[in-house]
Amino acid sequence: MNATGSMGLAVAVRPCCRLIAAQILPRCPHQHGRRIAALPFFPRCSRGRRHFSRCPCPLPPRRSAAAWVRAAVAPARDGAAVSDPRRLSTSVGPGPVPGGDKDFGRIFVQGLAAVKPLVIDSGEQPPAVEGEKAKKEAVEEEEDEDRSEVAKARLQSESEKEAWRLLKNAVVTYCGSPVGTLAAIDPAVELLNYDQVFIRDFVPSALAFLLKGEMEIVRNFLLHTLHLQSWEKTVDCYSPGQGLMPASFKVRSVAQGSNGEVEEFLDPDFGESAIGRVAPVDSGLWWIILLRAYGKISGDYALQERIDVQTGIKLILNLCLSDGFDMFPTLLVTDGSCMIDRRMGIHGHPLEIQALFYCALRCSREMIVASDGSKNVLRAINNRLSALSFHIREYYWADMKKVNEIYRYKTEEYSQDAINKFNIYPEQIPGWLVDWIPEKGGYFIGNLQPAHMDFRFFSLGNLWAIISSLATPKQAEGILDLIEDKWDDLVGNMPLKICYPALENEEWRITTGSDPKNTPWSYHNGGSWPTLLWQFTLACIKMGRPESARKAIAIAENHLSNDRWPEYYDTPTGRFIGKQSRLYQTWTIAGFLASKLLLENPELASILTFEEDLELLEGCACSLAKSPRIKCSRRAAKSHIFV
Ligand code: GLC
């Protein structure tokens, strides 16, 4: 967790006039009969002061009954969106909400409806003749089994019931409407910024709500975070790009004047208060992924077609697709720019960011409305998708065969046809990998840079490579095979390891800068994070292997409620609750619920997954064919990208 605090930095945040943000969500002078004072625009820059987003939100009108059910998994409108630009809405405010008539109370009872009542046994048996006795015993045995199944189901429902209650408790409202969930509600420890709504943490909450038919909170979240995106943010005298989404935001209340008026503010953190001042690169990518999922399950495509929302997508893409000094199609970022938000040696081109980037590009391609104005961005997306998938499939993949190849690499090759393109010295193959790499299966390595391969296994990146079809079908199978094979290392007593193995001794000292929170087998350094469970479940469902997910969920379910829903676990097998782990961590709770719901409704996994896109592969093959330097690459394309 990157703690916030008044670090003495000059931070000025103000609504941006460049965008139409001011029109996106109008101010609300009256909320629930309370008058909210209208304030003038903030000054451009004021040292040492922090400004907040004002309450802009009329309560969303509610629409009747379960439109979402009809629209559930509405077929994606293929390729670039084809909608008529005239249908674009410039309307302000959150607007009608599918499923908005459901209240949270209803969410809790729904899960219980399916539980069969316990069969009450009176204990008295009628006399039975000899021949019937055996039959009767067999029936009784079966009934006993049934009863214990029912009891188990009831027990499970208890932890789900508790989880729903906790999730509801974590809901944050802004001007009377739900807009997100707090990161954790652990009364025992210092809050730091766990009392904020984190963009990445909200995704499993959103998924749980969506799968239960509760659309409103997700819609509000999408619109309010969009509003925050357009703000100017500065660290000292420098401003990052406009499309940056905050890591988190907080709803603050401030008393106005003497007559008890209260004004609510949204106060975003773009990393300008975070420890290490890391930019949350993943936030915008998650936002795009969630926007598509919301559209697919609610059928409310009008939201993604709104001009302000289209502009939001493009601003994020502008940041990701702009030209730089890069030689690779992967996104270049600093250390700690994603779920692992502290120094962990994941600067450069970490897999997690690449997988989310790929997924967000595929989502955007589906959502951006085709027009003359969007032609270029759609072309740029297609090109990047082709190049990115080729690069990751070819150069990040590690299996027995590939490691053996690297082991025999020649170095210092100077030519277009070099086999060892990135000049990897075979000595880099870590000792642990030699024994660990299984005969069957493989995985994507954590990072690739000139003369540097980070061979650690990072779960989130590998899972999203499966979910988004960044991996070939064969590679996706291979990753799940490896997880099965290395179950004790990656799942153990609590699914799932954030990365494997941990950095120890000198390596820990140098790579983390002696971080006392990221000690070996703790937190980001080889800790086990239950929130990864929903992503594992998605990947398993997509690959038709729900049994693995079921096994992992059962392990988690045995501990989570008793352990009070910790943020993470420590030790190589995940046996202890993390040293500094929060309890009642919301994305642990929501991830568990979302996993359960996904298993019950596997067809709904498609709101987040993608299938292989052959056109993209052809795109890549064509550009390789045009190149005079195709010898090696074309061979690679055949062997990897088309499988
Ligand atoms: C930790 C995690 C980060 C998460 C935050 C809030 O910092 O590393 O990914 O968003 O806590 O739960």
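Numbering starts at 1 and runs along the sequence shown. Just so you know, ligand 1 is whichever comes first in the structure, and atom 1 is the first atom listed for that ligand. This structure is a prediction, so every number in the text was calculated from the model and none was measured.
- Remark: the Asn220 side chain and the Tyr174 side chain contain no N/O donor-acceptor pair separated by less than 3.5 Å.
- For ligand 1, the atoms sitting less than 4.0 Å from at least one non-hydrogen atom of Gln585 are 12 (O), numbered in the order shown with element in parentheses.
- A centroid separation of 6.0 Å or more is found between the aromatic rings of Trp534 and Phe592.
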> Given Tyr500 and Trp436, is the ring pair (Phe, Tyr, Trp, His ring centres under 6.0 Å) satisfied, shown in steps?
Replying inline: CA-CA 11 Å; Tyr500 180 91; Trp436 198 75; 4.8 Å; yes
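- Under a 4.0 Å criterion applied to the non-hydrogen atoms of Glu567, ligand 1 contributes the atoms 1 (C), 11 (O).
- Using a distance-only test at 3.5 Å, with no hydrogens or angles considered, no donor-acceptor pair links the side chain of Asn518 to the main chain of Met344.
- Those atoms of ligand 1 with a heavy atom of His524 less than 4.0 angstrom away are 2 (C), 8 (O).
- Listed for the Thr571 side chain is a donor-acceptor partner under 3.5 Å among the backbone atoms of Arg575.
- Using a 4.0 Å cutoff on heavy atoms, Arg342 does not count as a contact of ligand 1.
- Between Asp201 and ligand 1, a contact under 3.5 Å exists for at least one N or O pair.
- No donor-acceptor contact under 3.5 angstrom links the side chains of Ser561 and Ser159, judged on distance only.
- Heavy-atom contacts of Tyr194 reach the following atoms of ligand 1: 11 (O), 12 (O) (cutoff under 4.0 Å).
- In Arg200, the part holding a heavy atom less than 4.0 Å from any atom of ligand 1 is the side chain.
- Residue contacts with ligand 1: Met339 is placed with a nitrogen or oxygen under 3.5 Å of a nitrogen or oxygen of the ligand (distance criterion only).
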